[in-house]
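So the structure is just underneath, and the comments pick up after that.
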Amino acid sequence: MTALQEPRTTRHAGPETLVLSEHPVFRRFWYAVCAVDDVRTEVEPGRRGAAPLHRTVLGTDLVVWRPDPAGPVSVAHDRCAHRDAPLSMGWVADCHLVCPYHGWEWDKDGLTQRIPQFPGAPHPTKSGLTMVRSQERYGLVWVCLATDAEGGPVADIPEVVEWDDPAWRQVPEGSWDFDCTAMHLVENNIDPGHVAFVHMNSFGNPDNPELTDQNVQRTPYGLITWTDVPVEGRPGEDGATVRHTWSQVHLPFFMHLLIRYPDGLGHVMLKAITPVDDSHCTIHQVVLRTDTEADRPAADIRAFDHQVELEDKALLDRLPDEFPLAQHLNAHAKADKNSLLLRRMYTELVTGAWIPTPHPTTAVETR
Ligand code: FES
Ligand code: CO
């Protein structure tokens, strides 16, 4: 069999590839699970209470609910201590989460409040929920799976300086599910070479694939890469231009992309990539812009980014399930230095040689 005929095979996990579930350190970071507005508190007709949400992070099923419409969200493992029912099939009423199987009820902290069959009987020990750390930021609900015994979070969610700056309007974009690892999606987002080809129907031009300038540096939180990318217009507009981008990767999977166009327009993309399990991820995306709704409606920005994400998804969904760390597993060219540094830093993270330290996503337009 010639090299051209070799079938696509699944690589085996081990020191040469990264399989998330083999490394508990990934439990110690914050991941977005949904938009704040996705957690409903109103009761739909025919239901006894508001519907909680089911989400999966690193293979762990979670239930997300808002016990009090005026209070914060709660997140717990999606399994009842009584007979293992998925709590996300239950409902939220009178500030309690109710199990759909036998109606046990818990408060916002997961403490058992009612067992309806014999309400006067003492509650058994271990009847409470297994709670998970959660917080709401940037219009998203975030969780960190690590318990105190596991060391808790390595770092807080990165501070985004544009978020509270009135010069930047906020455009929440929603989320997209990918059938690839979270590492593959991060790598794709700092890969300047794919734009001309994967995005030829949106903003790339395969006849103009050359890169003039590409820089990457390690940082305390991960890496920053800055580059000039020739693009066929900016979202929704005609006319070729160059965009200057500064992409920060806050390891493992949070990204802050700052794009500047020659006329000064600023476009930031927050990309919160969540590892759903070893071979699936979800990206939650929020855009910040220096122009106004009259200049470019949010609906147009969303529609354009939807097309771009689907272009990446069509390709990424077909990649192997394991993420290569060892250099010899792939060929690399000059345009791959971002990817090579990213893979080296994932290697250092999983071997314990390096751990990120928190750092704000300052608009570092360094040259
Ligand atoms: Fe939840 Fe019985 S399984 S109350
Ligand atoms: Co892309």
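One-based numbering, in listed order, for ligands and for the atoms of each. This structure is a prediction, so every number in the text was calculated from the model and none was measured.
In summary, an N, O or S atom of Cys99 is located under 2.8 Å from atom 1 (Fe) of ligand 1. Checking Asp312 against the Co ion (ligand 2), an N/O/S atom falls under the 2.8 Å cut-off. Between atom 1 (Fe) of ligand 1 and His82 there is no N/O/S contact shorter than 2.8 Å.
Of all the atoms in ligand 1, the ones that sit under 4.0 Å from a non-hydrogen atom of Cys80 are 1 (Fe), 3 (S), 4 (S). For ligand 1, the atoms lying closer than 4.0 Å to a non-hydrogen atom of Trp104 are 4 (S).
Ring centers of Phe26 and Phe253: under 6.0 Å apart, within the cut-off.
Summarising the local packing, CE of Met89 is surrounded by 12 or fewer heavy atoms from other residues, nucleotides or ligands at distances under 6.0 Å. Under a cut-off of 6.0 angstrom, the local environment of CZ in Arg48 is sparse, with at most 12 non-hydrogen atoms contributed by other residues, nucleotides or ligands.
Counting only heavy atoms of the protein, atom 2 (Fe) of ligand 1 lies nearest to His102 ND1, 2.0 Å. Of all protein heavy atoms, the one closest to atom 3 (S) of ligand 1 is Arg83 N, 3.2 Å.
Salt bridge absent: Asp179 and Lys313 never bring a charged side-chain N and a carboxylate O closer than 4.0 Å.
The closest side-chain donor-acceptor pair between Glu187 and Ser339 falls under 3.5 angstrom.
A tilted orientation is assigned to the rings of Trp246 and His244, their planes being inclined by 30° to 60°.
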